[in-house]
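See below for the structure under consideration.
Excluded from the calculations below are hydrogen atoms, water molecules and symmetry mates; all remaining heavy atoms, backbone and side chain alike, are included. The sequence lines fix the lettering, A, B, ..., with proteins before strands; numbering per chain opens at 1.
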Amino acid sequence: MKIVTWNINGVRARIDVLVAWLKESQPDIVCLQEIKTMDEGFPRAEIEALGYHVETHGQKGFNGVALLSKLRPDEVNRGLPGNDSDEQSRFIEGVFSIEGGAIRVCSLYLPNGNPVETEKYPYKLSWMDRLNAFAQSRLALEEPLILAGDYNVIAEPHDCWDVKVWQNDALFQPRTRQAFRRLENLGFTDAVRATTDTTPLYTFWDYQAGCWPKNFGIRIDHLMLSPEAADKLISTNVEKHVRAWEKPSDHVPVAAEFNFAA
DNA sequence: ATGGTTGCATGGCAA
C-alpha cells in the first residue's frame, strides 16, 4: 500500500497537476495540505473520476487539508483535539480497514510559526504540544498510525542547504526541533530518514530567487510512523521530478510503501 | 541587489 503526503499549495490552481500525478504515481492514500479552499470549492469530481474517495477539512483562502483514498474510510475526524477555539483547518484523520485490523492516517499542516517574535510562534509550539498529546493517546491503540504532512520542521542540519540561512527561522528553532524530537522519543519513526542514507533529500524549494535550479531546498514534509506502521514499512520515495512540471507546487510528494494488505 | 514568486481574492497576507 502506497501512502503519500503532498503540500499541494492550492488544489484549485493545481488540479491538472494533481490529476496527472495521481495517474502516474497510483497512490492508495494521499494526504494533501494547503488546499486553500472551503469544502464546497474542492474539485472532487475530477478526483472521484479516478476512483478516489475524497474527505476534506477546508478553510477559505488559507490552510485546509484532505484525504484521497482508494479505500472508503470507516471513520473520519476533523481538527486536532486540544483547543476548541482553534479555527484553523490543519488536521484530518481517516481510519481504514485492512486485513486483520485497521490503519489510521492523518494529514496535518503544522503552523509555519514565522515571524518568531509574533504570536504565530507560540501558536506553532502549542499546536505541536497538542500533536504530541494526540500521538501519545493514539499509541495506546497499538495500531498502525501514520502522521503525514507538512511539519514546517527542519529536524536536522542536513535537512537544509545552509544552516546559516535557517538559524533564526521558526522551522529550525531549538524549541521547534525539540518538540519534533518528542514525537520520535514517543516511538514514532521518520519514514524517509529510516530508509535513506545521509544524502541531502529535500521536499520543498521556494519559488523565489531560483531556489529550485540551485537545489536550495529543505526537508519539512514527513511521514511519522507508530511502531506498528514502522514494522510494515518497505521503502520511501521523494518524488522530486514533480517539482520540474509546469505550474508546480513548491513542495513535492513524499511516498511510503507498506506491506499492509487491503 | 534588503530583492525574489505564487495563490487567494482582488488589497494585502501568508508562505
- prompt: Do the rings of A/H222 and A/F180 sit parallel, tilted or perpendicular, given the 30° and 60° boundaries?
  reply: tilted
message: Measure CZ/A/R14 against C1'/B/dC8 and give the value in whole Å, please.
response: 12 Å
query: Which value, in whole Å, describes the distance between the C1' atoms of nucleotides B/dA1 and B/dG12?
result: 24 Å
- request: Round to the nearest Å and state the distance from A/Q59 atom CD to B/dG7 atom P.
  value: 19 Å
- request: Considering only atom C1', compute the distance from B/dG11 to B/dT6 and round it to an integer number of Å.
  value: 16 Å
Report, one line per pair, each donor and acceptor closer than 3.5 Å where one atom sits in a side chain of residues 224-233 of chain A; sequence neighbours left out.
residue	atom	partner	partner atom	Å
A/S226	OG	A/E143	O	3.0
A/S226	OG	A/L145	N	2.9
A/S226	OG	A/E228	OE1	3.4
A/S226	OG	A/A229	N	3.4

statement: Separation of B/dG3 atom C1' from A/K214 atom NZ, nearest Å, is 11 Å
message: So that I know where these two stand, are A/Y109 and A/F91 an aromatic pair - ring centroids less than 6.0 Å apart?
response: no
query: Taking atom CG of A/L223 and atom OG1 of A/T189, what is their separation to the nearest 0.5 Å?
result: 11.5 Å
- prompt: Using the P atom in both, what is the distance from B/dT10 to B/dA14, to the nearest Å?
  reply: 15 Å
task: Sticking with atom P, work out how far B/dC13 lies from B/dA9, rounded to a whole angstrom.
output: 16 Å
query: Hey, is the main chain of A/Q88 close enough, under 3.5 Å, to the side chain of A/D86 for a donor-acceptor pair?
result: yes
- prompt: Think A/K70 forms a cation-pi with A/Y52, using NZ or CZ under 6.0 Å from the six-ring centre and within 45 degrees of its axis?
  reply: yes
- request: Could you run through nucleotides 9-15 of chain B and give me one letter per nucleotide, 5' to 3': B if any protein heavy atom sits under 4.0 Å from the base, S if only the sugar-phosphate is that close, - if neither?
  value: S----SS
